[in-house]
Amino acid sequence: MDEHNDAPARREIKVHTEWPDQPVRGAKTLSAILLAADHAVEAWGYTARQRRGSRSATTPDRYHHAFKLDLYGVRPGHHQDALRARSPLTPAEAAVVTAAFLRQIVQEAVREIKASGYQEDAIRWCLTVPAIWDDQAMSLTRQAAVQAGLPDDPDRLCLVREPEAAALHCLVRGAYVVDSRREPAITKLPRGARYMIVDCGGGTIDISAYEVDGYRRLRQIGKMFGGTFGSEFLNRAFITEVLARRIGGIDKIADLARSHQDVLVDLADEWEKQKLTVDVVEEAGSVRVKDRLMIPLTRRVYRTLEEVVPDLERRLRESQNDADFIIVQPSEIVLIFDGVVEKILGEVDKQLAVIAERYGTTAAPEKILLVGGFAQSRYLQLRLSLRLKDRAAILVPPDGAEAVLAGAVHFCYDSALISARLSRYTYGFAICLPFEEGKDPEDSRTISEYTGQALCSSRFNRVIAISESVPVDHEYRTVVFPTKRDQSALSIQLFTSTDQDPRYVTESTGHGQVTVDISATAGGDVPGEERGVDLVFRFGGAEIAVTATERLTGRTVTEIVAFERSDGGVRSGTRRLPPWRRTGVTGERTFDHLALVGEYDKLAKDYDELVNQRLLSFAREQVDEKRQDRSLETGLWIAGFSLLLFGGELRQPREVFDSLRIDPYHRKAGSIAAIVTAARKLRTASVQASWDFTVEAGSRMRTGQQPWSRCDPQQPVRFVVAPALLIGGMPHRLQLVYTSSEPTPKPKWPPAASGSRG
């Protein structure tokens, strides 16, 4: 930052527009990555797609594209989708792939920024996310960014929704009116003006609405709408709707996708270059495409097509009377475009209705700003203009394709340019309130040890209501108290709901958690009212932060809440927050033996290091190297060793030597002693944890278990290889189990872990 760039109107933004192997020069590279057999990054961006096209058909699972959509957990289906290389990723898998991809972008950016004379610790980063992202997708995005090497610091890593970033760009740079001579530009949107942002990206369409307040800041007035139907689907439709007809049907496209993916890529790239050049004219209140598009067939592409379609020339001449091009007729262009444009028009109508219902109509037409790459399409612009007529004026900003990127820079400089946002959900937390006989569920009844009063432990304490306008940095303050004298932690269970005022947390759609240590006052005669924890909820940003402070000691924990979905969605990320259980903030079953959230990660990482890097490696060394299949014997060895380390009483190295029948002077005795010492340290950590060996022998794998080594998860579970790590009775690391259809042999020494519990 410097004095010159502090003024938004004259701020200089340098845009990186040259990416390797890109078909069209632009600010964005392709969300694609190609992984090697060992999962190292082999290529990324357009280069990954190019190399993927020449790979054998045996490795499609290593190429991933459009994986950002999978963070949300919903990727749209495509009719006759012959181009999809693999099934969509789960949100957890998508977070891993996203982190690998972002790591390449981060490294590229850091090199370029350092070359300009700045140090890495002086960089503030901003990631833009689609409007449709919910709280879990936001959490996964942040976690993937941190895994990619970005700072785990909200002040240096901020997230902003894409319509919001585009709105900031338009606030600073103005816009042109569609169908005018584009002169003069609107340099300033007046105070009190309200306008809708329609961000037409490649994968998603994002829509929201804002009003310029008296301080020339933006106040959100429209809900975030959108969907996964961006301009990428025009490219897909060209292949499946046009090319397929020319060469003999969708089966031929599928054959090309398997054997010559690079040819489909080349044709899609050529279509990408031409689709925004479609010339249109208005006729009798409708849009007419003036001319056809001609996609050239290079010699290499033509010869490759002939390998799959031997009678290619005959088919092309019969279908379009030309064998040198793929000719896209005006009627076909309309068909392709309308598959996306009609959905955009529907979303715009929906947003206008919401604004009118909430804020009333205005004498002047509403303003709609089109941004994103597809916003440059004259077909889209004219269709939208004709659909809305006098209801709205259509505007496009300078450099509309880069509006989101530029807006993110403005947000990094001054996040206060956004003054208020609408709450996406109703937010609240679980609390114990007086039990109402005949109304509250009986299984939620708990008794306060301080007052003897019957309480309902699953009540929803509302903090912010859905669609409520929330000023940036808005704070909600309250205080909560324990109900049990020996309670060592208060776990603040946060919930989201689409209801205006839910009564119970069981009606929620998502959940997160922040925990504060109150062990210093546990037990004894400290009155309950003196064991209070002050809570501060900070809303208004793209994410929600909570600060919890113990009154007596002043101990504080502040977290950006990592939300999960309550519908069985994947757990969200790096903080390993325990999954929600049906108890309240002060319920007896959830909060005993919980410590600071920040300590969870360290304990979990230490456990991973012990099991994966020490225990498993050492165990394999003890197995007869001459045997071809050692997995079962090794598993039994590990199972017994794990039980010694984590089951029952703490053991000294000498006791473990005796149980394993190992000479204490053996060359590996030092390694065993180090493993035992590490396990003792874990079991005596300030975060009180336990290790779960329980398994139903002969059952199928269930949630909370994962197969060991090359085990088949479809086979029955035989025994535990390494136990699950539990904190406060909730799993933070999955149970490692051996699965096999063969009977379990009798171990050669102390008992295997099957059926026992540590």
Side-chain angles (χ1 to χ4, degrees), residues 16-72 75-76 78 81-91 93-109 127-130 140-141 144-145 147-148 201-204 228 230-240 253 256-273 275 372-374 401 404-405:
H16 187 99
T17 59
E18 295 183 1
W19 301 96
D21 299 312
Q22 65 187 147
V24 181
R25 190 172 182 269
K28 294 182 180 180
T29 188
L30 185 70
S31 295
I33 192 168
L34 182 64
L35 303 177
D38 60 356
H39 303 293
V41 176
E42 187 172 298
W44 57 279
Y46 290 103
T47 306
R49 188 183 65 175
Q50 187 180 75
R51 293 188 186 177
R52 187 263 179 189
S54 61
R55 294 179 68 89
S56 70
T58 61
T59 58
D61 57 318
R62 298 182 193 162
Y63 174 78
H64 304 280
H65 72 287
F67 44 81
K68 183 174 77 170
L69 298 178
D70 296 328
L71 286 170
Y72 181 54
R75 185 189 286 200
H78 309 299
D81 189 352
L83 299 183
R84 177 175 290 170
R86 52 159 293 140
S87 300
L89 300 170
T90 66
E93 292 170 337
V96 174
V97 173
T98 300
F101 177 78
L102 279 178
R103 193 173 297 116
Q104 309 306 312
I105 302 292
V106 169
Q107 292 170 356
E108 184 80 13
L127 293 180
T128 64
V129 298
L140 288 172
T141 301
Q147 297 254 344
T204 60
T228 49
S231 65
E232 168 70 21
F233 301 96
L234 301 180
N235 301 353
R236 193 174 297 272
F238 163 72
I239 297 295
T240 59
I253 299 296
L256 282 169
R258 284 189 292 267
S259 60
H260 298 290
Q261 180 75 22
D262 55 323
V263 168
L264 293 180
V265 167
D266 286 349
L267 289 169
D269 282 350
E270 189 60 38
W271 161 260
E272 174 76 21
K273 295 175 185 177
K275 69 183 181 184
F374 188 45
V404 171
L405 185 152

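Residue numbers start at 1 and run along the sequence shown. Side-chain atoms are counted along with the backbone in the values below, which use heavy atoms only and exclude waters and symmetry mates. The structure presented is a predicted model; accordingly, all values stated were derived computationally and were not measured.
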Partners meeting side-chain contact (heavy atoms from CB on, under 4.5 Å) with Val96 (sequence neighbours left out):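 Partners of Val96 under the side-chain contact (heavy atoms from CB on, under 4.5 Å) test: none.
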For Glu270, give me all partners under side-chain contact (heavy atoms from CB on, under 4.5 Å), at least two apart in sequence or on another chain.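 Checked Glu270 against side-chain contact (heavy atoms from CB on, under 4.5 Å); matches are Lys273, Gln274, Ile295, Pro296.
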Write down the atom of Trp44, the atom of Glu108, and the distance for their closest heavy-atom approach.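 Scanning both residues, the minimum pair turns out to be CZ2-OE1, 4.4 Å.
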Can you see which heavy atom on Ala99 is nearest to which on Ala148, and at what distance?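 Minimum heavy-atom contact is O-CB, 3.3 Å.
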Taking Pro91 as the fixed residue, which of Leu140, Thr98, Leu71 is the one that meets the side-chain contact (heavy atoms from CB on, under 4.5 Å) rule?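 Only match with Pro91 under side-chain contact (heavy atoms from CB on, under 4.5 Å): Leu140.
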Please assess Ile33 against Phe67 for the test side chain to side chain contact (heavy atoms under 4.5 Å, CB included), listing each intermediate value before the final yes or no. CA-CA 9 Å; Ile33 192 168; Phe67 44 81; 4.1 Å; yes
Please report the C-alpha distance between Asp70 and Glu93 in whole Å, then the side-chain angles of each, then the deciding distance to 0.1 Å, and finally whether the side chain to side chain contact (heavy atoms under 4.5 Å, CB included) criterion is met. CA-CA 8 Å; Asp70 296 328; Glu93 292 170 337; over 6 Å; no
Does the side chain to side chain contact (heavy atoms under 4.5 Å, CB included) test come out yes or no for Ile239 and Trp271, once each step is laid out? CA-CA 9 Å; Ile239 297 295; Trp271 161 260; over 6 Å; no
Give a yes or no answer on whether the side chain of [X] reaches the backbone of [Y] with a donor-acceptor pair at less than 3.5 Å.
X     : Y     : result
Thr47 : Ala43 : no
Trp19 : Ala27 : yes
Arg49 : Ser31 : no

Residues two or more places apart in sequence or in another chain: which of them pass side chain to side chain donor-acceptor pair (under 3.5 Å) with Lys275?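 Lys275 satisfies side chain to side chain donor-acceptor pair (under 3.5 Å) with Asn235, Glu272 once adjacent residues are dropped.
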Out of curiosity, Gln22 CD to Asp269 CG, how far, rounded to the nearest 0.5 Å?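 Going from CD on Gln22 over to CG on Asp269, the span is 10.5 Å.
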Inspect the contact between Arg51 and Asp21 and indicate whether a charged nitrogen and a carboxylate oxygen are less than 4.0 angstrom apart.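 Here Asp21 does not pair with Arg51 in a salt bridge, since their nearest N and O are not under 4.0 Å apart.
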Would you confirm whether the ring centroid of Tyr63 sits within less than 6.0 angstrom of the ring centroid of His65?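 That pair passes the under 6.0 Å test.
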Stepwise side chain to side chain contact (heavy atoms under 4.5 Å, CB included) check, Val97 with Phe101: CA-CA 6 Å; Val97 173; Phe101 177 78; 5.5 Å; no
